[in-house]
Amino acid sequence: MAFKSFDSHTDFARRHIGPSPEDIQEMLEAVGVSSLEELIQQTLPAAIRQEAPLSIGEGMSEAELLAHMRELANKNRVCVSLIGQGYYGTHLPPVIQRNILENPAWYTAYTPYQPEISQGRLEALLNFQTMVADLTGLDIANASLLDEATAAAEGMALAHRSLKEGRNRFFADRNLHPQTLAVLQTRAEPLGWELVVGDPEADLEPEGLFGAIFQYPDTLGEVRDLRGPIERVKKAGGLVVVAADLLALTLLTPPGELGADIAVGSAQRFGVPMGYGGPHAGYIAARDALKRGLPGRLVGVSVDARGNRALRLTLQTREQHIRREKATSNICTAQVLLAVVASMYAVYYGPKGLKAIAEEVHRKASVLAQGLERLGFRRVNKYFFDTLTVEAPGQADQIVRRALEQGINLRRVDADRVGIALDETTTPEVVEAVFRAFGGEFRYEAFEPREHLPLGLRRTSAYLTHPVFNRYHSETELLRYMRRLADRDLALDRAMIPLGSCTMKLNPTAALMPITWPEFAHLHPFAPAEQAEGYRELMERLGRWLCEITGYDAVSFQPNSGAQGEYAGLLAIRAYHRSRGEGQRRVCLIPSSAHGTNPASARMAGMEVVVVACDERGYVDLADLEAKARKYADTLAAVMVTYPSTHGVFEEGIRELCEIVHRYGGQVYLDGANLNAQVGLARPGDYGADVSHLNLHKTFAIPHGGGGPGMGPIVVKAHLAPFLPGHPVLDGGTAPVGPVSAAPFGSASILPISYAYIAMMGSEGLRRATEVAILNANYIAARLEPYYRVLYKNAKGRVAHECILDPRPFKQSCDITAEDIAKRLIDYGFHAPTMSFPVAGTLMVEPTESESKRELDRFIAAMVAIREEIARVERGELKAEESPLRHAPHTVLDLADEHWNRKYTRTEGCFPGGQSALDKYFSPVNRVDNVYGDRHVVCTCPPVEEYSRG
Ligand SMILES: *Cc1c(COP(=O)(O)O)cnc(C)c1O
């Protein structure tokens, strides 16, 4: 691992970091310090400065990295996996791989909270929602969840909150996928819900249930008519969730028509590689009446200022950042990029193509079934779509071994039963090899495929009738459709995205390349460990690096988002207290400035949230903290604190804060979202924290994908290590804390990105990146200070890696708001900073180390020009509603407006700051009407006539 690279053209860190050494000198002067070291001394409290440098070693060059990743990849063995259980082989169409998955216009985009610059991905997500709603036969679907198992847990929670009668029992089909059952168990227990597991026909006692969940087809492959059990649950007043396979639903009566209220599942097999567990898009769909309780993000149709159709995220009041401790879901980062891939798969193949794929899979399964029957093996499931479970008393191990000798993984259900799940990629040769594993020598052609679906469950209703699913079936057409959508959006490939708390840094190309290599992409999450030696080595080293960077002792890679990490960390704290006979410790102290996921996660972990005040400097009020810790001394479980704070300042009192909480018996959860301000400089594990999650999609260079994927591994001190999430596949369900995600290592296939990032940066590069991230933020703060109030600074006048600009006085003086500034920035070619978090009405700017001085200067110039535009309104030269600020963003329709009668010119509106027409980004819609969208909620593709309006 000790690669050396002295010449700068192979020095990755030099190019990951935006400003050149000369730029850094100039910026230091502007900030008013003589060196980076002096700036850090004025920024980071000396008491927490880490003593020893990181010991990760020297950074690799990109070429060295790729050679190294090739070696790791070679240690994984790609077999044909017929294990099923929610994960299937699939062909990712190359045109989608190259133009979505490998296209920075899609993968570097942020969550579409600024709808005007997100119309492309919003349309792709609306297509996803329409696809899911159509296939499940329900009214409304969200824009993705994390995986099938957590979607099932969200379905359960939705059922509970929709039923306002304090029922606490939920029935779960014993033939759910085992990992789904395990995640439901983890989720139910802290909330005091009883999970009754049984057979939907024999064991269902519907009285008093708040709901039930059934799998369709079930984990053993059976296709059961669920109408009876569904009706019984609903008659008794409960809600029904069906976990369904989307491909099977092209042939089967959908859950909505069976009477289900909610459907959940995974869109993985729509083109998304198994990836050793993820990332893939989970889905949830529901009846219209439940829409206000749906978790996650929901794309809806609205109108813009000109009355033209425009998309936006709708009903945001459902989400954790608004509901906070009243939230029942903490979902924030989801799986947008993978939902987009799956939606494009459906757009490409259309209803006929998808049905043909499903029928082909079914035919292969029919041939397999007939061959195995001829060999005398009895099937457990009478009907099937793609999965057979075969009785082979005492022979399961032997059959699985014989299959493996031919490079095929089968599912060992137990000693007497073997499962085989076929998919789009299964070839006749594979079917013949499975025959051999069962001791037969048949040719595939020896059997005539038949249909094995129950007559009464054949799908008769239409789906995907919307033109978008019937137009782009040639590669050229699809290519241009994807290009058209990408061109509507503003992602990191166009401009800096200065979103505070989100760390929108460079996603290095070399780090991304390995993720689509078959050795990383095509492993089944439950494949035998021997086939994943490369992954094991990668996770072992990455885990060590993350512990080294943070000062912790152990890691879990299972949480597949930051919020999932919070939840897993709090479950660890809860289990720790219980292990010491202190199960009454349930109070979680959370500062008022916390991210919305913090209180939501605490609630989900069965904790009671007590809010701690912040003082006028934005610091956690330590006196209030101590008072509350003392008040709840017997029941204090934890504090959740973000450091540096969400206000973008390193608080001096962090050590003391940790000591206070420990003194009263609590544990310290440190939200690691802001680790980009600390790597190489300070370690949470050294200054008193017990557990943190790390947003690998922030600090460690995994792209945001337009709102996911992400990874939120947690790092803990040794005393919490026994309470990291377990997984039935790893420990047979014996771990003290159950799984929080479907797959043992979460979205394993994106871990190579963070690994590659750390390997290429090396110890020095990582520390340098942190220093420059802090410099970039202080440079912006210093340069903009004469124009905007910088809300929070430390005693020496410094901010950490982000800063909050306060435009609230303009609201008073001339009715110009943070939103006006955010939208006007679009006209200048920028994505807005974070709006109204953590302080309502303000803008939080985080430039990251990857932005060059040139880009920072461009942003500063835009903000200064906007300040002058505000001044014109303040001076009364024009009213707020007449100003370009209020009319922003401007579009080509403004440019071409024959009846222009505004108080400013079209050039002032459309080309502010003297931008060149050559590279001008135009948002495709004018300002989107938020109120209209929430009043008229439409979350599927509107009829095509609507598209021609305007
Ligand atoms: C981003 C963020 C989170 C949540 O992370 P997700 O991956 O979106 O779930 C939590 N806390 C803070 C402070 C964050 O900035």
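From a predicted model like this one, the values you see are computed outputs, not experimental measurements. Any value given below was found using the heavy atoms of this structure, including those in side chains, with hydrogens, waters and symmetry copies removed. Each ligand, and each atom within it, is numbered from 1 in the order the structure gives. Residue numbers run from 1 in the order of the sequence given.
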Q) Is the charged tip of Arg798 near the ring of Phe650: under 6.0 Å from the six-membered ring centre and within 45° of its axis? A)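 Geometry flag: not set, cation outside 6.0 Å or 45°.
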Q: For the residue pair Arg161 and Pro295, establish whether any side-chain heavy-atom pair is separated by less than 4.5 Å.
A: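 Arg161 reaches Pro295 side chain to side chain.
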Q | Side-chain donor or acceptor of Ser850 paired with backbone N/O of His16 under 3.5 Å | A |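 Pair found, side chain donor or acceptor close to backbone of His16.
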Q) In this structure, which one of Leu571, Leu570, Leu724 forms a side-chain contact (heavy atoms from CB on, under 4.5 Å) with Ile714? A)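 So the option named by the test is Leu724.
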Between the protein and ligand 1, which nitrogen or oxygen pairs come in under 3.5 Å, and how far apart is each?
unit_1	atom_1	unit_2	atom_2	d
ligand 1	5 (O)	Asn695	ND2	3.0
ligand 1	7 (O)	Thr333	OG1	3.2
ligand 1	7 (O)	Gly562	N	2.7
ligand 1	7 (O)	Asn695	ND2	3.3
ligand 1	7 (O)	His697	NE2	2.7
ligand 1	8 (O)	Thr333	N	3.1
ligand 1	8 (O)	Thr333	OG1	2.6
ligand 1	9 (O)	Gly562	N	3.3
ligand 1	9 (O)	Ala563	N	2.8
ligand 1	11 (N)	Asp671	OD1	3.4
ligand 1	11 (N)	Asp671	OD2	2.6
ligand 1	15 (O)	Ser501	O	3.1
ligand 1	15 (O)	Ser501	OG	2.6
ligand 1	15 (O)	Lys698	NZ	2.7

Q.
Below 30° counts as parallel, above 60° as perpendicular, anything between as tilted: where do the rings of Phe837 and His595 land?
A. perpendicular
Q) Are Tyr107 and His704 close enough that their ring centres sit under 6.0 Å apart? A)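 Aromatic pair excluded; centres sit 6.0 Å or further apart.
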